[in-house]
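To start, the structure under review is shown below, and the notes come after it.
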There are 2 protein chains.
Amino acid sequence: MQSAIEKLDWPSLIEAQPAAGLIPIGLRQQAKRLDAQAHEPLFRIGDPVRCVYLVVSGEARLIRLARNGSEVILQRSRGGFLAEASLEARSYHCDAITTKPTTILMLPVAAFRAALEEDPIFRSAWQSQLTKEIRKLRAQCERLSLNSAADRISHYIESEGADGILTLNQSRKSWAAELGLSHEALYRTLRRMQSEGVLDVDGVRLATK
Amino acid sequence: MQSAIEKLDWPSLIEAQPAAGLIPIGLRQQAKRLDAQAHEPLFRIGDPVRCVYLVVSGEARLIRLARNGSEVILQRSRGGFLAEASLEARSYHCDAITTKPTTILMLPVAAFRAALEEDPIFRSAWQSQLTKEIRKLRAQCERLSLNSAADRISHYIESEGADGILTLNQSRKSWAAELGLSHEALYRTLRRMQSEGVLDVDGVRLATK
DNA sequence: CGTACTTTTGAATCGCATCAAATCTGGTGG
DNA sequence: CCACCAGATTTGATGCGATTCAAAAGTACG
């Protein structure tokens, strides 16, 4: 488990993750780049909040452990900010880990708050970001309120895919966790839906019919 | 089903709902007060977004109907803003209804956006509001990811109550819906937890032991 | 006092979690 | 290139807990 903080090349960062382009110059100068390996912890519950994390490439997750030991996925970022709510907290309320080799920008909170005050464009982008996250979380709540596996799968395809077609960008096992299902239930339900003609499964491509 | 739009008395509004005090003067002049009865719709899916809603007293809910006809509660506001994400949307993605006689402030979106641009204090309060909502929604997602009724109940008491003590401010039946359970399951599980000595139930007062 | 709604209990059913185990897959090192 | 390993995928069997349907009792309110 090693990570490297390297020199920043903004044009390539912005190409990889457009949100980086919204960061004002003053804040950019304080940014640190972190190249993390897979399964590397970024922070843990209780750690003091020092930075806001922006995922440039790869994937990072916000997770919490249930008392029975199972892992709940609270956010999965494949680009964009992670743990937005930490900006207003003293310490973290969740753990954050990478799931694959991941490039991250770390933005010190004090400078981040100052930039929000000073830069109207950045501020507006941040508000949009928060709003989008709220909408995403509501969709997730709605999905988890459905109590059949098939309904959750259909809901996910409808809300995360386009025109009823979803290209799965994670393993099915980890998708199962995101759906709040055991992986066995997901496998079986996918098969059943396909045999019933409700779903078209072709590798990572899923389409409702 | 009737509702009344009346003259505004800001001191009393602010006393009932402190968030109203953060609204800048310019925006206050555009606010409309709505006194709604119980079970009155505020807006419906697809309606164009004209106003941001601030619940002053009473209760309003954001709901969506699942395909099987059951009602999913996406937000329950007993004071504070409702449907924050609507500020960035053309039309509503959910229905909103009151559940009891409710006083509401309606703030036109254009003036609301302008006030956010101009007033740093209001803006900061709004960002805090969005952030709080994100944290609340993550807690709700975490809760819905637990698959036993007892775990969801404990989680709710821990996260919504204080020091393991919760004073329930809604009917148990509607609490069941918020927990993603059938009301029968909730009743039975409460009884079982009490008989097992895990929970202390006394009317609307619930305490974990 | 009647009506609508919540609370409560019962019984039957079904779907998902769980435990177990086999197979498949991609990546690593010899 | 092949052996090997960890993790993902798949299938099977079992049990539990939640849903569902039904109905009775309690409660609030006009």
Does a side chain donor of either [X] or [Y] reach within less than 3.5 Å of an acceptor in the other side chain?
| X | Y | value |
| --- | --- | --- |
| B:Ser57 | B:Arg78 | no |
| B:Ser154 | B:Asp151 | no |
| B:Gln127 | A:Glu88 | no |
| A:Thr98 | A:Gln37 | no |

Figure out the [atom1]/[atom2] separation between [X] and [N], and round it to whole Å.
| X | N | atom1 | atom2 | result |
| --- | --- | --- | --- | --- |
| B:Gln194 | C:dT8 | CD | C1' | 14 Å |
| A:Leu146 | D:dA18 | CG | C1' | 15 Å |
| A:Leu181 | C:dT18 | CG | C1' | 14 Å |
| A:Arg192 | D:dT11 | CZ | C1' | 15 Å |
| A:His39 | C:dG27 | NE2 | C1' | 12 Å |
| A:Asn147 | C:dC16 | CG | P | 9 Å |
| A:Met193 | D:dT10 | CE | P | 15 Å |
| A:Leu186 | C:dG15 | CG | C1' | 15 Å |

- [ ] Report which part of the nucleic acid A:Arg188 touches: base, sugar-phosphate, or nothing (heavy-atom distance under 4.0 Å, all strands).
- [x] base
Students often get this wrong, so: under 4.0 angstrom with heavy atoms, is B:Arg172 touching a base, only sugar-phosphate, or nothing? sugar-phosphate
Counting heavy atoms from C-beta on, name the nucleotide in [options] closest to the side chain of [X].
| X | options | answer |
| --- | --- | --- |
| B:Glu184 | D:dT9, D:dT11, D:dA22 | D:dA22 |
| A:Lys173 | D:dT20, C:dT9, D:dT9 | D:dT9 |
| B:Ser148 | C:dC16, D:dA18, D:dT10 | D:dA18 |
| B:Thr189 | C:dT9, C:dT7, D:dA18 | D:dA18 |

Fill in: B:Lys209 bridged to B:Glu196 by N-O distance under 4.0 Å
no
The residue, B:Gly180 or A:Arg191, whose nearest nucleotide of DNA chain D is more 5′ is A:Arg191
Result for 5'-nearest mapping on DNA chain C, choosing between A:Ser182 and B:His183, is B:His183
Checklist entry - Does A:Tyr187 have a side-chain nitrogen or oxygen under 4.0 Å from the phosphate oxygens OP1 or OP2 of D:dT9? => result yes
